[in-house]
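What's counted below: heavy atoms across the whole structure, side chains too, no hydrogens, waters or symmetry copies.
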Amino acid sequence: DEGISVVVAETAAIERGLVFANLVDFDSSFGHRNDPAGYAGALEAFDVRLPEILDALGDDDIAIITADHGNDPTTPSTDHSRERVPLLCAGAAVASGTDLGVRASFADCAATVGELLVVETTGPGQSFAPDLSSGD
């Protein structure tokens, strides 16, 4: 909840820039503890607060929600797991129903953020920014 509150406050406070948050409890408190019920509860709590994040976005803002790795709390191991992670983008500037497909690399997020902030990037990622535009 604290991380989400900070995201909402910082998003509303800046005109241009990047607000980045790592909601680490999904990983450290539930994934690495093999606690699927706790993980599910955290997802439900996030879902309840997600409208606050979306409401804080300006007309040109884009929220990118993803994970940096899998961490399935139902596996026998407490290590990171290899399942695919979600990649969700939202905002008034994002076309409804946009399908970004399966990305080749997490580096695509970095390339996209770079393009959206008009920052030259030299990494291996491929921006998906052009795929987001609603054209409005």
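Residues L54 and L88 share a hydrophobic cluster, clusters being chains of Ile/Leu/Val/Met/Phe/Trp/Tyr side chains in contact below 4.5 Å. There is no path of hydrophobic side-chain contacts, each under 4.5 Å, that joins V48 to L57. L50 and V6 end up in different hydrophobic clusters when Ile, Leu, Val, Met, Phe, Trp and Tyr side chains are linked at under 4.5 Å. One hydrophobic cluster, built from ILVMFWY side chains closer than 4.5 Å, cannot hold both V85 and I65; they sit in different ones.
Two residues are said to be in side-chain contact when any heavy atoms from C-beta on lie closer than 4.5 Å; S5 and R49 meet this criterion. Contact of the T11 side chain with the I53 side chain is not registered, since no non-hydrogen atoms from C-beta on lie closer than 4.5 Å. Considering only heavy atoms from C-beta on, C89 stays 4.5 Å or farther from T98 through its side chain.
Nearest heavy atom pair, residue A21 against residue V7, reads CB-CG2, 3.4 Å. Pairing each heavy atom of G114 with each of T121, the nearest pair is CA-CG2, 3.8 Å. Residues R103 and Q126 approach most closely at NH2-O, 3.4 Å, considering heavy atoms. Nearest heavy-atom pair, L87 versus C109, reported as atom, atom and distance to 0.1 Å: CD1-SG, 3.9 Å. Taking every heavy atom of both residues into account, S133 and A95 meet most closely at O-CB, 3.6 Å.
Side-chain atoms of T112 come within 3.5 Å of backbone atoms of F128 as a donor-acceptor pair (strictly under, hydrogens ignored). Here the side chain of R16 pairs a donor or acceptor atom with the backbone of L117 at under 3.5 angstrom.
For the atom pair I64 CD1 and L100 CG, the distance stands at 9.0 Å (nearest 0.5 Å).
In the displayed structure, N22 atom CG is contacted under 6.0 Å by more than 12 heavy atoms of other residues, nucleotides or ligands. Heavy-atom contacts from other residues, nucleotides or ligands closer than 6.0 Å to CG of D59 number 12 or fewer.
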